[in-house]
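If you read the sequence from its start, that first residue is 1, and numbering goes on from there.
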Amino acid sequence: YAMICLQRALTAVQSFDAPTEVWRQCFTDVLFPLLDGLTEVQPDDELSQESIEKSRLRAWRVVSRLFLQRLSDLTSLPGFEQLWDALLSYMDTYLSIARTEILRDSLPDMTVNLIRVLSTTNTFGRFGDLEQRTWEKVEEFCPIIRPLYNGEP
């Protein structure tokens, strides 16, 4: 329920013309600590594991949705590359702790979507070797993402 409330609050705030720095603070002060907290939860049984992974997936959807919706604001801020690197690190962490198919199936597709948007909006082109660094990091933690990105089965 808390995740739904957070998502609704962030959606409502998006209609306001908030300073761009607020969006970085939203990630660093709210969303990243949420992702961190969900990595620390260690379920006792299979049912709990599934529930935790569903919560992790919901959190990741909120984060990726807000990232894409506020991309133009975020890219105008100094430190966008660090924010993107942090997202990649969370992807790595979440895939490494995944114990069910819930995260293993969804996160690569969500990552492909993020990379595709960064590519088609020429965001990578604005930040030097960011695209190359992204692929190098992604290949380390989830080599199936590139074939997914290229449309290979």
Side-chain angles (χ1 to χ4, degrees), residues 1-43 48-100 102-142 145 148-149:
Y1 180 72
M3 197 76 63
I4 293 169
C5 289
L6 176 62
Q7 186 172 2
R8 286 182 183 161
L10 291 172
T11 302
V13 171
Q14 289 177 20
S15 62
F16 298 109
D17 191 23
T20 54
E21 180 60 32
V22 168
W23 299 112
R24 181 195 354 244
Q25 289 174 332
C26 183
F27 279 91
T28 59
D29 297 345
V30 177
L31 297 174
F32 289 165
L34 171 67
L35 293 175
D36 284 332
L38 288 170
T39 63
E40 296 168 6
V41 177
Q42 297 300 321
S48 296
Q49 181 68 47
E50 186 173 310
S51 178
I52 293 300
E53 290 212 358
K54 284 180 181 178
S55 294
R56 290 173 179 159
L57 182 59
R58 279 189 208 101
W60 189 252
R61 283 186 177 140
V62 169
V63 169
S64 64
R65 187 173 295 136
L66 185 65
F67 179 81
L68 292 175
Q69 289 171 341
R70 303 313 305 187
L71 184 61
S72 63
D73 290 322
L74 295 171
T75 58
S76 69
L77 293 167
F80 170 76
E81 292 173 83
Q82 290 80 13
L83 181 73
W84 175 242
D85 286 341
L87 283 174
L88 290 174
S89 293
Y90 282 110
M91 290 176 215
D92 182 4
T93 300
Y94 270 52
L95 283 169
S96 70
I97 63 174
R99 299 293 173 255
T100 71
I102 293 169
L103 288 175
R104 286 187 207 131
D105 288 347
S106 299
L107 285 181
D109 288 331
M110 294 170 77
T111 305
V112 166
N113 187 47
L114 289 169
I115 293 171
R116 192 166 276 134
V117 170
L118 289 176
S119 182
T120 59
T121 60
N122 197 35
T123 300
F124 284 136
R126 295 174 49 200
F127 292 95
D129 67 344
L130 184 61
E131 183 172 20
Q132 178 185 340
R133 288 184 291 129
T134 296
W135 283 118
E136 288 171 359
K137 189 162 188 172
V138 166
E139 300 258 334
E140 288 176 18
F141 69 81
C142 191
I145 289 177
L148 286 173
Y149 180 83

When rounded to the nearest 0.5 angstrom, what distance separates [atom1] in [X] from [atom2] in [Y]?
| X | Y | atom1 | atom2 | result |
| --- | --- | --- | --- | --- |
| Cys142 | Leu148 | SG | CG | 7.5 Å |
| Ser106 | Arg56 | OG | CZ | 14.0 Å |
| Asp85 | Phe80 | CG | CZ | 9.5 Å |
| Leu68 | Met110 | CG | CE | 9.0 Å |
| Leu71 | Leu66 | CG | CG | 10.5 Å |
| Leu83 | Leu88 | CG | CG | 10.0 Å |

Pairs of donor and acceptor atoms involving the side chains of residues 90-97, under 3.5 Å and at least two apart or interchain, shall be tabulated with distances.
| unit_1 | atom_1 | unit_2 | atom_2 | d |
| --- | --- | --- | --- | --- |
| Tyr90 | OH | Phe32 | O | 3.3 |
| Tyr90 | OH | Asp36 | OD1 | 2.9 |
| Tyr90 | OH | Asp36 | OD2 | 3.1 |
| Thr93 | OG1 | Ser89 | O | 3.0 |
| Tyr94 | OH | Leu35 | O | 2.9 |
| Ser96 | OG | Asp92 | O | 3.4 |
| Ser96 | OG | Thr93 | O | 2.8 |

Return each pair, listed once, that meets side chain to side chain donor-acceptor pair (under 3.5 Å) where at least one residue sits in residues 121-130; pairs must be two or more places apart or across chains. Thr75-Arg126, Thr121-Thr123, Asp129-Arg133
On the 0 to 90° scale, with breaks at 30° and 60°, tag the Trp84-Phe124 ring pair as parallel, tilted or perpendicular. perpendicular
Sequence-distant partners of [X], side-chain hydrogen bond (donor to acceptor under 3.5 Å, both in side chains), two or more places apart:
| X | value |
| --- | --- |
| Gln132 | Glu136 |
| Thr111 | none |
| Glu131 | none |

Could I get the full list of ring-ring contact (aromatic ring centres under 6.0 Å, His included) partners for Phe141, not counting sequence neighbours? none
For Ser76, give me all partners under side chain to side chain contact (heavy atoms under 4.5 Å, CB included), at least two apart in sequence or on another chain. Thr20
For Pro108 and Arg104, which heavy atoms make the closest approach, and how far apart are they? CD-O, 3.2 Å
Just list the side-chain donor-acceptor pairs under 3.5 Å for residues 112-119, sequence neighbours left out, or say none.
| unit_1 | atom_1 | unit_2 | atom_2 | d |
| --- | --- | --- | --- | --- |
| Arg116 | NH2 | Tyr149 | O | 2.5 |
| Ser119 | OG | Tyr149 | OH | 3.3 |

Could you pull out all residues at least two apart from [X] that satisfy salt bridge (charged side-chain N to carboxylate O under 4.0 Å, His left out)?
| X | answer |
| --- | --- |
| Asp109 | none |
| Lys54 | Glu50 |
| Glu21 | Arg24 |

Is the shortest side-chain heavy-atom distance between Phe27 and Leu74 below 4.5 Å? yes
Please examine the side chains of Leu103 and Trp60, heavy atoms only from C-beta on, and report whether any two atoms are closer than 4.5 Å. no
